[in-house]
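These notes concern the structure reproduced below.
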Amino acid sequence: EAEVAQSPRYKITEKSQAVAFWCDPISGHATLYWYRQILGQGPELLVQFQDESVVDDSQLPKDRFSAERLKGVDSTLKIQPAELGDSAMYLCASSYRGGATEAFFGQGTRLTVV
Amino acid sequence: AQKITQTQPGMFVQEKEAVTLDCTYDTSDPSYGLFWYKQPSSGEMIFLIYQGSYDQQNATEGRYSLNFQKARKSANLVISASQLGDSAMYFCAMRAMSGNTPLVFGKGTRLSVIA
């Protein structure tokens, strides 16, 4: 069964260091999302791609976060420099299209900044 | 903009009993979809059930059913015959049908099934 792949599963980094997460969506899914989930809360959108274009990055802290999906397939989310408050689960999701179709999620990357 | 409210931080249910998880929403979009996801302790979000705002009948998927009351703007999840494996976080989410908008999630409800 097709699934969204994410790596790494877990990451511990020191504050002020750079960190990167990778996501490979389900084949054929044009829409890719990065969500951040703080412990005990629901996921919040960081950035949405349609193919290689950014559709919504209004909640992405652009001074330290960047995201790219160069060929419209896999995507990388980067944080530089990491801060203690960035400790969270980073979830990648993809969908065939919007509207009635559900988004499929990867297993997430659990980031701890020390 | 859409908003999802889940007012139950935690719920307990006896094994084999039914449980209802509450979800209310707010939107100005005339056409929208409502989704429920399960998140076990391992972290992945598992899609459970979908309801469209113009669907005449409540959605059902196995032991999951969605009690959709459009006038009240509620979309409660009903789990029948609870199992120990149902213990997890449950999130209600929605998005507009028009355009390509992302899912907006509530804060979730932690369900614990007791043997």
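All chains are named by letter (A, B, ...) in the order of the sequence lines, taking the proteins before the strands, and each is independently numbered beginning at 1. The model shown is predicted, which means the values in this text are computed figures rather than measured ones.
B:Tyr90 and B:Phe105 are members of different hydrophobic clusters when ILVMFWY side chains are connected at heavy-atom separations under 4.5 Å. Hydrophobic clustering (ILVMFWY, side-chain heavy atoms < 4.5 Å, transitive): B:Tyr50 and B:Val78 are in distinct clusters. A chain of hydrophobic side-chain contacts below 4.5 Å, direct or via other Ile, Leu, Val, Met, Phe, Trp or Tyr residues, connects B:Tyr64 to B:Ile4. By the rule that hydrophobic residues join a cluster once side-chain heavy atoms approach within less than 4.5 Å of another member, B:Met11 and B:Val113 end up as members of one cluster. Residues B:Tyr25 and B:Leu66 fall within the same hydrophobic cluster, defined by Ile, Leu, Val, Met, Phe, Trp and Tyr side chains chained together at heavy-atom separations under 4.5 Å.
Highest contact tally toward chain A, considering only B:Gly43, B:Cys92, B:Pro9, is held by B:Gly43 [criterion: heavy-atom pairs under 4.5 Å].
Within the model, atoms CD of A:Glu102 and CD1 of B:Ile46 stand 13.0 Å from one another, a figure rounded to the nearest 0.5 Å. Atom CE in B:Met89 sits 7.5 Å away from atom CD in A:Gln37 (nearest 0.5 Å). Note that CD of A:Gln6 is 11.0 Å distant from CD of B:Glu44, once rounded to the nearest 0.5 Å.
Contact residues of residues 77-93 of chain A toward chain B are A:Met89, A:Leu91 (heavy-atom distance under 4.5 Å). Scanning residues 8-21 of chain A against chain B with a 4.5 Å heavy-atom cutoff picks out A:Arg9, ordered by number.
When heavy atoms are compared at a cutoff of 4.5 Å, A:Gln107 approaches chain B by way of both its backbone and its side chain. Contacts between B:Gln51 and chain A at a heavy-atom distance below 4.5 Å are absent for every atom of the residue.
No option in B:Tyr37, B:Phe35, B:Phe91 other than B:Tyr37 meets the ring-ring contact (aromatic ring centres under 6.0 Å, His included) test with A:Phe105.
Applying the 6.0 Å contact sphere to NZ of B:Lys3 captures no more than 12 heavy atoms from other residues, nucleotides or ligands. In this structure, A:Lys71 places its NZ atom where only 12 or fewer heavy-atom neighbours from other residues, nucleotides or ligands lie under 6.0 Å away. Within 6.0 Å of the NZ atom in B:Lys107, the count of heavy atoms belonging to other residues, nucleotides or ligands does not exceed 12.
In this structure, the side chain of A:Gln48 engages the main chain of B:Asn100 through a donor-acceptor pair within 3.5 Å. Between the side chain of A:Tyr33 and the main chain of B:Leu103, no donor-acceptor pair closer than 3.5 Å is present.
Scored by the side-chain hydrogen bond (donor to acceptor under 3.5 Å, both in side chains) test, A:Thr109 finds no partners at all (sequence neighbours excluded). With sequence neighbours left out, the side-chain hydrogen bond (donor to acceptor under 3.5 Å, both in side chains) criterion links B:Asn58 to no other residue.
With contacts defined as side-chain heavy-atom distances shorter than 4.5 Å, the pair A:Gln59/B:Pro102 does not qualify.
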